[in-house]
Amino acid sequence: MENNKNPEMDDIENNFESLTKELKQKKVDLIKELNESADSEVTMEPDKKVSDIIGDIFYNSIKSLFDTSAKLVKSLTGEIFTNKLDK
């Protein structure tokens with residue numbers, strides 16, 4: 001059988017892989033931030049509760065997820081639009 005792989009699909013897969021790596025790295029960073037926040041909660045912000053810190057981290061992670069999703073959608077939309085113009 002022939003391998004009829006589309007170069008555009010390769011680009012999409014590469015973009016998706018890089019976004020996946022970026023999300024995994026952000027996850028690791030957020031976990032580190034949570035651990036550091038829990039360790040230094042009393043010294044940094046005595047008024048802030050652990051639940052507030054977790055809420056902030058959750059918000060930042062969801063925001064990052066939406067930002068990354070927006071990048072993916074923008075990339076895919078640009079590729080689809082470019083393909084339609086080429087035809």
Side-chain angles (χ1 to χ4, degrees):
M1 287 174 86
E2 281 185 33
N3 187 2
N4 293 329
K5 207 150 193 203
N6 188 346
E8 293 170 358
M9 288 303 295
D10 289 339
D11 290 341
I12 291 171
E13 288 175 8
N14 289 336
N15 286 340
F16 184 72
E17 288 174 10
S18 68
L19 289 173
T20 302
K21 288 178 185 177
E22 184 179 339
L23 281 175
K24 286 180 181 179
Q25 182 59 46
K26 286 187 181 204
K27 175 185 166 186
V28 169
D29 293 343
L30 287 171
I31 290 170
K32 286 179 183 176
E33 182 181 336
L34 177 60
N35 288 336
E36 291 171 1
S37 297
D39 292 342
S40 61
E41 175 188 354
V42 175
T43 58
M44 288 178 54
E45 299 178 41
D47 298 351
K48 200 165 193 179
K49 297 178 183 177
V50 174
S51 60
D52 292 336
I53 294 170
I54 292 172
D56 291 344
I57 292 171
F58 178 75
Y59 169 80
N60 290 332
S61 65
I62 294 299
K63 183 178 181 309
S64 296
L65 177 65
F66 280 114
D67 291 344
T68 304
S69 299
K71 288 179 189 177
L72 178 61
V73 168
K74 190 175 184 178
S75 174
L76 292 175
T77 303
E79 289 178 15
I80 292 170
F81 183 71
T82 303
N83 290 341
K84 287 185 178 181
L85 288 177
D86 290 343
K87 291 180 180 180

Item to complete: I would like to know whether K26 and K21 meet side chain to side chain contact (heavy atoms under 4.5 Å, CB included); could you show each step before the answer?
Response: CA-CA 9 Å; K26 286 187 181 204; K21 288 178 185 177; over 6 Å; no
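Salt bridge annotation for K63-D67: present, with a cationic side-chain nitrogen under 4.0 angstrom from a carboxylate oxygen.
Note that the CG atom of L23 and the OG1 atom of T68 stand 4.5 Å from one another [nearest 0.5 Å]. One finds the CG atom of L30 at 12.0 Å from the CD1 atom of I54 (value rounded to the nearest 0.5 Å). Atom CG of residue D29 and atom OG of residue S61 lie 12.0 Å apart, to the nearest 0.5 angstrom. Note: L72 CG to T20 OG1 = 9.0 Å, rounded to the nearest 0.5 Å.
Counting only heavy atoms from C-beta outward, the side chains of K32 and K27 never approach each other to under 4.5 Å.
In this structure a side-chain-to-backbone donor-acceptor pair under 3.5 Å is present from T77 to V73.
Cluster note: Y59 groups with no other residue, as no ILVMFWY side-chain heavy atom lies under 4.5 Å from it. Taking Ile, Leu, Val, Met, Phe, Trp and Tyr as hydrophobic and joining them when side-chain heavy atoms fall under 4.5 Å apart, one finds F58 in a cluster with I62, F66.
For S69, the side-chain contact (heavy atoms from CB on, under 4.5 Å) criterion is met by L65, not counting sequence neighbours.
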